[in-house]
Amino acid sequence: MKLTFPVAAEPDPQALERGRLLFAGETAFLKGVVAMSGLPPADRIEVCFAGRSNVGKSTLINALTGRKGLARASNTPGRTQEINFFTAGPDHYLVDLPGYGYANAPLPVVEKWQKLLKQYLSGRQSLRRAFMLIDARHGIKDVDEEIMNRLDTSAVTFQCVLTKSDKLKAGERDRILGQVRESLAKHPAAFPEIVLTSAEKGEGIATLRAIIAELV
């Protein structure tokens with residue numbers, strides 16, 4: 001049976017409320033990790049956010065938590081150079097992974113980021129889902145495919161989240177969604193729903209909160 005990867009519908013009121021309550025609680029930066037030995041105990045439900053540099057990971061985390069300066073957003077690609085852990089309530093970690101696909105950095109630094117990213121995705125038992133952030137204006141690129149291939153072999157379910165959906169030009173939505181769906185269909189670890197978000201406009205934020213809250 002071929003999966004169609006529909007856009008996630010708005011959750012029911014109870015699910016929306018669970019998501020609201022999760023992110024209405026205390027959220028805080030816990031630590032930045034530059035090696036697997038520095039990971040916090042795997043004693044919470046954990047979701048991570050992966051994506052190309054400048055896709056809007058930090059901005060999305062800030063929108064989810066309602067704390068504008070929680071994650072360090074920057075217009076400079078590659079600023080997130082470590083795995084950043086944030087607490088969400090008493091039971092969840094939100095994990096901001098290093099941005100990938102940005103070449104304007106020393107090669108040894110890039111290789112170190114890539115190695116850490118692959119180790120984390122392959123070896124974190126408490127990781128319930130990876131959210132693959134894709135810029136809605138550009139769709140899935142070859143470098144995204146590399147990470148999705150890694151997730152396929154790591155037995156980590158990933159869900160595609162299109163960021164900056166408010167920036168799509170008229171008539172572009174169907175083309176981009178078609179390209180994304182065609183790509184996701186090749187990946188057995190892909191969760192069969194796409195989330196459209198705009199951190200600037202607030203679109204899809206409540207839906208994504210509810211999805212995370214359901215991963216209990």
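Note: hydrogens, waters and symmetry copies are ignored here, and every other heavy atom, side chains too, is used.
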Derivation of the side-chain contact (heavy atoms from CB on, under 4.5 Å) call for Leu117 and Ile147: CA-CA 9 Å; Leu117 181 66; Ile147 300 300; 3.6 Å; yes
Check against side-chain contact (heavy atoms from CB on, under 4.5 Å), Val33 and Tyr120: CA-CA 11 Å; Val33 174; Tyr120 170 77; over 6 Å; no
Test side-chain contact (heavy atoms from CB on, under 4.5 Å) applied to Asn62 and Lys68, step by step: CA-CA 5 Å; Asn62 290 339; Lys68 195 170 184 178; 5.5 Å; no
Residue pair Ile140, Met148: steps toward the side-chain contact (heavy atoms from CB on, under 4.5 Å) verdict: CA-CA 10 Å; Ile140 291 176; Met148 291 190 287; 3.7 Å; yes
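Residues Arg181 and Pro6 approach most closely at NH2-CA, 3.9 Å, considering heavy atoms. Contact between Gly38 and Lys31 at its shortest, heavy atoms only, is O-NZ, 2.6 Å. Heavy-atom minimum distance, Thr207 versus Pro11: OG1-CD, 3.5 Å. The heavy-atom pair separating Arg124 from Pro41 by the smallest distance is NH2-O, 3.6 Å. Listed here is the closest heavy atom pair of Glu82 and Gly32: OE2-CA, 3.6 Å. Across Val180 and Gly139, no two heavy atoms sit closer than the pair CG2-CA, 4.4 Å.
Applying the salt bridge (Lys or Arg N to Asp or Glu O under 4.0 Å) rule to pairs touching residues 182-191 yields Glu145-Lys186, sequence neighbours excluded. Screening residues 159-168 for salt bridge (Lys or Arg N to Asp or Glu O under 4.0 Å) gives Asp135-Lys164, Lys167-Glu200 as the qualifying pairs, with residues at least two apart or on separate chains. Among residues at least two apart or in separate chains, salt bridge (Lys or Arg N to Asp or Glu O under 4.0 Å) pairs with a member in residues 169-178 are Glu172-Arg175. Among pairs with a residue in residues 27-62, those fulfilling ring-ring contact (aromatic ring centres under 6.0 Å, His included) read Phe29-Phe86, Phe49-Phe131, at least two apart in sequence or across chains.
Under the rule for a side chain to side chain contact (heavy atoms under 4.5 Å, CB included), the partners of Leu116 that lie at least two apart in sequence or sit in another chain are Met36, Ile83, Gln119. Annotation: side chain to side chain contact (heavy atoms under 4.5 Å, CB included) contacts of Ala190 (sequence neighbours excluded): Phe5, Phe158, Leu184, His187. The side chain to side chain contact (heavy atoms under 4.5 Å, CB included) search around Ala35 returns Ser37, not counting sequence neighbours. Applying the salt bridge (charged side-chain N to carboxylate O under 4.0 Å, His left out) criterion to Lys141, with sequence neighbours excluded, gives no partner residue. Applying the side chain to side chain contact (heavy atoms under 4.5 Å, CB included) criterion to Arg44, with sequence neighbours excluded, gives Thr87, Tyr93. Judged as a salt bridge (charged side-chain N to carboxylate O under 4.0 Å, His left out), and not counting sequence neighbours, Arg129 has no contacts. Partners of Glu193 by salt bridge (charged side-chain N to carboxylate O under 4.0 Å, His left out), not counting sequence neighbours: none found. Residues meeting the salt bridge (charged side-chain N to carboxylate O under 4.0 Å, His left out) test with Glu17, sequence neighbours left out: Arg20.
Sparse packing is recorded around NZ of Lys115, with 12 or fewer heavy atoms of other residues, nucleotides or ligands lying under 6.0 Å away. Environment of CG in Asp43: crowded, with over 12 heavy atoms of neighbouring residues, nucleotides or ligands closer than 6.0 Å.
The CG atom of Leu127 sits 11.5 Å away from atom CD1 of Ile45, with the distance rounded to the nearest 0.5 Å. Between atom OG of residue Ser198 and atom CD1 of residue Ile205 there is a gap of 7.5 Å, rounded to the nearest 0.5 Å. Going from atom CD1 of Ile61 over to atom CG of Asn84 covers 8.0 Å, rounded to the nearest 0.5 Å. For the atom pair CE of Met132 and CD1 of Ile194, the computed distance is 12.0 Å after rounding to the nearest 0.5 Å. Rounded to the nearest 0.5 angstrom, Leu94 CG and Lys57 NZ are separated by 12.5 Å. A distance of 7.0 Å separates CD of Glu146 from NZ of Lys118, quoted to the nearest 0.5 Å.
Residues Val143 and Leu121 share a hydrophobic cluster, clusters being chains of Ile/Leu/Val/Met/Phe/Trp/Tyr side chains in contact below 4.5 Å. In the hydrophobic cluster analysis, where Ile, Leu, Val, Met, Phe, Trp and Tyr join through side-chain heavy atoms closer than 4.5 angstrom, Val34 is grouped apart from Leu30. Using a 4.5 Å cut-off between side-chain heavy atoms of Ile, Leu, Val, Met, Phe, Trp and Tyr, with links allowed through other members, Leu151 and Ile134 fall into the same hydrophobic cluster. Under the 4.5 Å side-chain heavy-atom criterion for ILVMFWY residues, no single connected hydrophobic cluster contains both Phe191 and Val47. Hydrophobic clustering of Ile, Leu, Val, Met, Phe, Trp and Tyr side chains at less than 4.5 Å, counting indirect connections, unites Val195 with Leu215.
Between Leu168 and Leu162, the closest side-chain pair of non-hydrogen atoms is not below 4.5 Å.
Remark: side-chain polar atoms of Ser165 are paired, donor with acceptor, to backbone N or O of Thr197 under 3.5 angstrom. No donor-acceptor pair under 3.5 Å is formed between the side chain of Ser126 and the backbone N or O of Glu46.
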